[in-house]
Amino acid sequence: MTKGNMNRRTMLRGAALGALATPALVGKGIAQGKVNWRVQAHWPKASSSFNDSLGKLAEVLEARTEGAFKMDLLGAGEFAKGPDIYNIVRKGVVPMGTVSPSYVQDQAQAASFLFGIPGTFRQAWEMEHAVKNLGLEALVNEDLNADGVMMKTEKVLPVEIVVSKKIESAEDFKGLKLRSSGTMLDYLQSAGAAPQYIPGSELYQSLSSGVVDGAHWGAAVGAKSMSLWEVCKYHYKPALGQTTDAFILNMEAVDGLEDDLRTALLDTMETRFFQRSAEYQHAEAIAISEGIAENNIEVSELPDDVLAILADASSKILDTEAQKGERAAKAADIYKTLMTDLGYL
């Protein structure tokens, strides 16, 4: 690794550790280890987000509460994986988990909008603004809270595909077997690809065995941490969209916390959302540079004819998702208003 890359990584670690300076919220009299939550992640332990998102949250929270709130972190599949995580949190098998909002599309009308409609927002701050300030997260929680679950968005990240075959035209894109999820499945299928959902814990094996030709797991950071570039040497831009990861919490477990611990948990999640989203953008630039130098990846732009088909699909998905109900329609209005203000519509 070059000296420059080492320095950049040191900067990222330092920025993340800066959150540990947050003053403790609880008194000295609270015993060490008063609360210890098991948390089921949808990320395999190999994924960068297992440590840099979930692991960092646990570290910051433990420091902030002077050791009173600890977390036992479970990698994908230890209790459950993918969409099944929602049910074990809802039932209280574990008090907390991590998911993609795409996993709860059947439970929340606006979940697809929180996951991200492909081909709409172009920069991370736009999605962050829509999620936290304009109300996408709140709309999802209107449905989930009735089910005894709370969702807290964990970060915003770009979506980019990596493939084992070069794409030079829409014809090359046609029939590509791509691992995907949520509204991205419809988006990719509309351009002629053959997307399918595969859990993260099974992704590398599916790529190396040829079950799929490519995937998106976030963008460059996800591709690097999941070793996708070992199999897929072609990394394509622009980002297909901005997406999110999320924490889900059993509301009875949250309500059962003492006030100071509940405040520490929810406030730390809120703060880490903005910190982690910014960290991720920095990490993306580093990962691309390292992928070129270490994995000999080829970074290319999707052909214009593929982008034209995808652009048409985006507006159709937005309108289709808006038909799911009153909260979905409100979420679509958030998208359309912000995109109009930005000059995208």
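Nothing fancy with the numbering, it's 1 onward along the sequence.
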Under a 4.5 Å side-chain heavy-atom rule over Ile, Leu, Val, Met, Phe, Trp and Tyr, are [X] and [Y] clustered together?
X	Y	value
Ile292	Val162	yes
Met151	Leu139	yes
Ile297	Leu203	yes
Leu114	Phe273	yes
Tyr236	Val299	no

Note: Arg272-Glu279 ion pair, threshold 4.0 Å (strictly below):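 Yes, Arg272 and Glu279 are salt-bridged.
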Carboxylate-amine/guanidinium contact Lys45 Glu78, below 4.0 Å: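 So Lys45 pairs with Glu78 through a salt bridge.
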Below 4.5 Å, heavy atoms only, C-beta onward: do [X] and [Y] meet side chain to side chain?
X	Y	value
Tyr197	Tyr103	yes
Lys336	Asp319	yes
Met184	Ser102	no
His216	Thr243	no
Lys224	Ser48	no
Leu307	Pro238	yes
Ile161	Leu240	yes
Leu144	Gln107	yes

Name of the residue among Ile88, Asp84, Ile85, Val89 meeting side-chain contact (heavy atoms from CB on, under 4.5 Å) with Phe79: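 Option passing the side-chain contact (heavy atoms from CB on, under 4.5 Å) with Phe79: Ile88.
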Working to the nearest 0.5 angstrom, can you tell me the gap between [X] [atom1] and [Y] [atom2]?
X	Y	atom1	atom2	result
Leu54	Leu73	CG	CG	4.5 Å
Arg327	Asp143	CZ	CG	4.0 Å
Lys330	Leu134	NZ	CG	14.0 Å
Ile248	Thr153	CD1	OG1	12.0 Å
Gln109	Glu142	CD	CD	9.0 Å
Thr244	Leu136	OG1	CG	9.0 Å

Are the side chain of [X] and the backbone of [Y] linked by a donor-acceptor contact shorter than 3.5 Å?
X	Y	answer
Asn145	Val149	yes
Thr340	Leu345	no
Ser314	Ala311	no
Tyr335	Ile117	yes
Asp305	Ala170	yes
Thr183	Gly116	yes
Glu284	Ala220	yes
Lys233	Lys166	no
Lys81	Pro44	no
Glu202	Pro199	no

Counting only heavy atoms not in [X], do more than 12 fall under 6.0 Å of its [atom1]?
X	atom1	result
Asp304	CG	no
Glu301	CD	yes
Glu326	CD	no

Pair Arg276-Ser49, side chain to side chain contact (heavy atoms under 4.5 Å, CB included): steps then yes or no: CA-CA 10 Å; Arg276 181 67 179 133; Ser49 288; 3.8 Å; yes
Distance-only donor-acceptor check, side chains Lys155 and Ser53, under 3.5 Å: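 Judged by distance alone, the side chains do pair up.
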Where [X] and [Y] come nearest, the two heavy atoms and their spacing:
X	Y	result
Ile334	Gly135	CD1-C, 4.1 Å
Lys165	Tyr234	C-CD1, 3.7 Å
Leu188	Ser180	CD1-OG, 3.7 Å
Phe115	Ser100	CD1-OG, 3.3 Å
Ala239	Pro158	CB-CB, 4.1 Å

Verdict with supporting geometry, Phe69 and Leu257, side chain to side chain contact (heavy atoms under 4.5 Å, CB included): CA-CA 10 Å; Phe69 203 137; Leu257 294 170; 3.8 Å; yes
Pair Val93-Gln40, side chain to side chain contact (heavy atoms under 4.5 Å, CB included): steps then yes or no: CA-CA 10 Å; Val93 176; Gln40 176 61 70; over 6 Å; no
Aromatic ring proximity, centroids under 6.0 angstrom, Tyr344 and Phe121: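 For Phe121 and Tyr344, the ring centres are not under 6.0 Å apart.
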Val211 and Lys177: CA distance, side-chain angles, deciding distance, side chain to side chain contact (heavy atoms under 4.5 Å, CB included) verdict: CA-CA 8 Å; Val211 172; Lys177 296 174 291 184; over 6 Å; no
Residues Asp260, Arg64; criterion salt bridge (Lys or Arg N to Asp or Glu O under 4.0 Å); working and verdict: CA-CA 11 Å; Asp260 49 6; Arg64 184 171 180 171; over 6 Å; no
